[in-house]
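Take a look at the structure set out below.
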Amino acid sequence: MSGQKISAPKGVSEYVPNRSRAFEFIRENLIAPTKLAGYQLIELPVFEDTDLFTRGVGESTDVVSKEMYTFEDRGGRSITLRPEGTAGVMRAVIEHGLDRGQLPVKVWYSGQFFRAERPQAGRYRQFYQVGIESIGLDDPAIDAEVIAIADAGFKAIGLSKYRLEITSLGDAQSRAAHRVDLIKFISTLSLDEATAIRAAINPLRLFDDKREEMKSAMSKAPLLIDYLNEHSKAHFEQVKKYLEAMGIDYVVNPKMVRGLDYYTGTTFEFVHEMLGAQSGIGGGGRYDGLMEQLGGQSLSGIGFGLGVDRALLAAEAEGVIGSNDFVSDLFIIPLGDSAKVKALTIATSLRNSGKTVEISFGDRALKGAMKGADKSGATYVIVLGDSEISSGTVELKHMKTGVTSSVKIDSLLEAL
Ligand code: HAM
């Protein structure tokens with residue numbers, strides 16, 4: 001029916017002014033440390049062959065079994081909106097042969113991801129991540145550097161009320177030894193059919209079961225961290241040593257289960273204290289078998305995904321985003337048509353020097369235009385009328401203090 005309002009689809013996050021500025025600030029600050037560490041942009045499609053995620057992310061996961069936006073395209077192919085970034089990066093690395101060059105391959109990405117979850121505060125069906133992947137070397141110093149890059153992003157935003165949890169899921173041999181005992185333990189539990197199916201695909205998933213009875217049953221289950229062989233143990237010890245050397249605090253959480261099946265070895269999560277149930281602001285880890293699983297060579301990799309939406313909520317909860325962080329330097333109010341021409345030329349020249357300049361358009365009366373200047377939060381305002389243009393001098397008013405000074409139009413740049 002025409003005329004009816006249309007709302008955004010349920011559960012999507014979207015950012016409109018002024019909050020979009022805060023969102024941009026968060027995203028850019030999460031990205032900056034990845035570039036400083038030599039990671040390069042990889043820009044990938046938001047939809048991929050469904051097979052990429054069923055094979056890459058794992059069928060026992062909620063993400064694949066319940067949360068994918070999957071549809072048939074016009075050519076009858078099964079397509080899925082990306083629920084996460086790592087599988088797509090791996091696909092692209094293999095497809096473009098990036099792993100045939102210098103290793104590790106180091107890439108960063110940022111964009112929308114899609115999971116058909118039950119929406120709630122901090123949990124959306126479309127959300128934003130900044131991520132990196134370092135592919136090709138199994139050096140524990142890379143694990144520590146990757147974690148440090150994520151940590152630097154959160155610190156750059158000003159966050160402090162979060163903790164870093166780490167654990168190791170060990171190598172294939174360690175996991176196999178643990179799996180035998182875990183399956184033995186699980187066989188003593190009485191499970192409903194769906195849980196039994198999940199356990200059969202990946203018994204570790206049961207550690208992630210939020211039901212009280214399952215939590216208490218699993219409290220006695222054997223922990224993978226006690227089954228690490230010498231190699232896995234040594235790798236994990238090194239990671240911890242490097243983190244300590246960088247002054248990055250962590251707690252070991254041996255019950256951590258990440259929501260994706262590809263993890264091996266070091267895994268980690270950043271947990272914020274003020275976000276309630278959806279407290280994970282970022283997470284990641286190593287994935288030894290993923291590349292091979294997707295038809296590539298057998299190379300190890302590690303990376304993270306940081307939740308931009310949740311980092312913004314965390315920054316707001318901590319009160320570290322100042323409302324005056326994002327303002328124009330100058331607001332110009334032109335009175336009359338020739339003043340408009342002058343305003344446009346002044347604005348262009350100041351903008352060329354990196355100043356943020358807004359103009360009051362629409363021939364508003366001075367009072368209304370001043371209100372607009374006030375609302376914009378601009379630092380300074382000038383009114384341009386015929387007398388200002390003929391004298392080449394304006395009254396530059398500092399909006400907060402109300403102090404004015406006479407400034408030559410040609411010297412505005414220095415005065416701002
Ligand atoms: P993930 O833990 O599933 O990991 O997601 C990373 C972050 O994205 C989470 O910590 C959270 O902040 C945010 N996030 C996830 N789901 C939602 C949602 N529904 N609404 C809002 N924010 C959400 C990954 O996606 C892996 N690909 C990370 C990785 C990269 N591991 C290795 N390399």
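This is a predicted model, so every value here is computed, not measured.
Of all heavy-atom pairs spanning R125 and R118, the tightest one is NH2-CA, 4.5 Å. Across all non-hydrogen atoms, the minimal contact from F331 to A373 is CD2-CB, 3.4 Å. Between G283 and R258 the shortest heavy-atom distance is C-NH2, 3.4 Å. Nearest heavy-atom pair across P104 and S134 is CB-OG, 3.5 Å.
E212 has a carboxylate O that lies under 4.0 Å from a charged side-chain N of K215, or vice versa, which qualifies the two as a salt bridge. With respect to the salt-bridge test (charged N to carboxylate O, under 4.0 angstrom), the residues K240 and E237 qualify. Classification of R205 and D62 as a salt-bridged pair fails, no side-chain N sitting under 4.0 Å from a carboxylate O.
Looking at T61, its side chain does come within 3.5 Å of a backbone N or O of V64 through a donor-acceptor pair. Looking at D49, its side chain never comes within 3.5 Å of a backbone N or O of L52 through a donor-acceptor pair. Between the D288 side chain and the S300 main chain, no donor and acceptor come within less than 3.5 Å of each other. In this structure, the side chain of R351 engages the main chain of V357 through a donor-acceptor pair within 3.5 Å. Using modelled atom types, one side-chain atom of T50 and one backbone atom of S78 make a donor-acceptor pair closer than 3.5 Å.
The list of side chain to side chain donor-acceptor pair (under 3.5 Å) pairs with a residue in residues 172-181, not counting sequence neighbours, reads D171-S174, Q173-N229, S174-N229, S174-S232, D181-Y227. Residue pairs meeting the ring-ring contact (aromatic ring centres under 6.0 Å, His included) criterion with at least one partner in residues 276-300, sequence neighbours excluded, are Y262-Y287.
Ring geometry for H235 against H231 counts as tilted: the plane angle lies between 30° and 60°, on a 0 to 90° scale. Between Y162 and H272, the ring-plane angle classifies as parallel under the 30° and 60° cut-offs.
Summarising the local packing, CD of Q102 is surrounded by 12 or fewer heavy atoms from other residues, nucleotides or ligands at distances under 6.0 Å.
A search for side-chain hydrogen bond (donor to acceptor under 3.5 Å, both in side chains) contacts involving S110 returns nothing, not counting sequence neighbours.
Within the 4.5 Å cutoff, no side-chain heavy atoms of E84 are placed close to those of V63.
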Pair F268-Y250, ring pair (Phe, Tyr, Trp, His ring centres under 6.0 Å): steps then yes or no: CA-CA 9 Å; F268 55 92; Y250 61 83; over 10 Å; no
